[in-house]
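We number each residue from 1, following the sequence as shown.
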Amino acid sequence: MADASGKEPAAADPVRGLPERGRVVCRGFIESVTYAPAGEVAAFTAIITDHDAPPPKARPAAVRAAAAGQASPSGPAGVRRKGPAVAADRLRVIWLGRRRIPGVKAGLELRLEGMVTVRDGLPTMFNPRYEILSRQEEQ
């Protein structure tokens, strides 16, 4: 498939293969979407993951105990251990100034092009170019 300029689109990388920063072309499935309430700044957010991404890992007992304020065998209560700086299997996509995007909903496959940066420990892309690659069957 060629774009208007006649050039073939760049190959899309999986979400788990993205760098921490830079311009990327990737593809993945929308895991969830978040709509901003009317009283907040207009922003439409989607979480993108690879189709074959592993399910979210359960929190270890030591982390659950620390979060609940209990002592754990691996260390004193209240001590937090830092996890990896970047969650490599998820990508947050934010369209600023939009409350919704027609056709974009959970379960769709998208091809995205834009700049990736890390915000709150999650790779994030603001206002990317996008192409819907698949549609869910209406049930």
Spatial distance of atom CZ (R21) from atom OG1 (T124) [nearest 0.5 Å]: 10.5 Å

Working for side chain to side chain contact (heavy atoms under 4.5 Å, CB included), residues I30 and K105: CA-CA 7 Å; I30 299 175; K105 56 187 172 184; over 6 Å; no

Partner of I47 under side-chain contact (heavy atoms from CB on, under 4.5 Å), chosen from L122, L91, T34: L122

Minimal non-hydrogen separation, A106 against V33, with atom names: N-CG1, 4.3 Å

Nearest atoms (heavy-atom pairs only) where P19 meets V116: O-CG1, 3.8 Å

Pairs flagged by ring-ring contact (aromatic ring centres under 6.0 Å, His included) wherever residues 99-133 is involved - sequence neighbours left out: W95-Y130

Steps toward side chain to side chain contact (heavy atoms under 4.5 Å, CB included) verdict (L110, I132): CA-CA 5 Å; L110 291 179; I132 296 174; 3.7 Å; yes

E113 and R23, any side-chain heavy atoms less than 4.5 Å apart: yes

I48/M125 under side chain to side chain contact (heavy atoms under 4.5 Å, CB included): CA gap, chis, key distance, verdict: CA-CA 10 Å; I48 310 296; M125 189 181 289; over 6 Å; no

Spatial distance of atom CD (E31) from atom CZ (R92) [nearest 0.5 Å]: 12.5 Å

Within 6.0 angstrom of R119 CZ, more than 12 heavy atoms from elsewhere: no

Heavy-atom closest pair, residues D50 and R16: OD2-N, 3.0 Å

Heavy-atom pair with the smallest gap, counting every atom of L108 and G103: CD1-O, 2.5 Å

A12 versus C26, closest heavy-atom pair with distance: CB-C, 3.8 Å

T49 vs V15, side chain to side chain contact (heavy atoms under 4.5 Å, CB included): CA-CA, chis, key distance, verdict: CA-CA 6 Å; T49 187; V15 171; 5.8 Å; no

Same apolar cluster: F44 and L96, side chain cutoff 4.5 Å: no

Shared hydrophobic cluster, V93 / Y35 (ILVMFWY, side-chain heavy atoms < 4.5 Å): yes

Nearest-0.5 Å distance, CG of residue D13 to CZ of residue R111: 10.5 Å

Over all atoms of both residues, closest heavy-atom pair of A43 and I94: CB-CG2, 4.2 Å

Value rounded to 0.5 Å, distance of CG in N127 from CE in M115: 13.0 Å

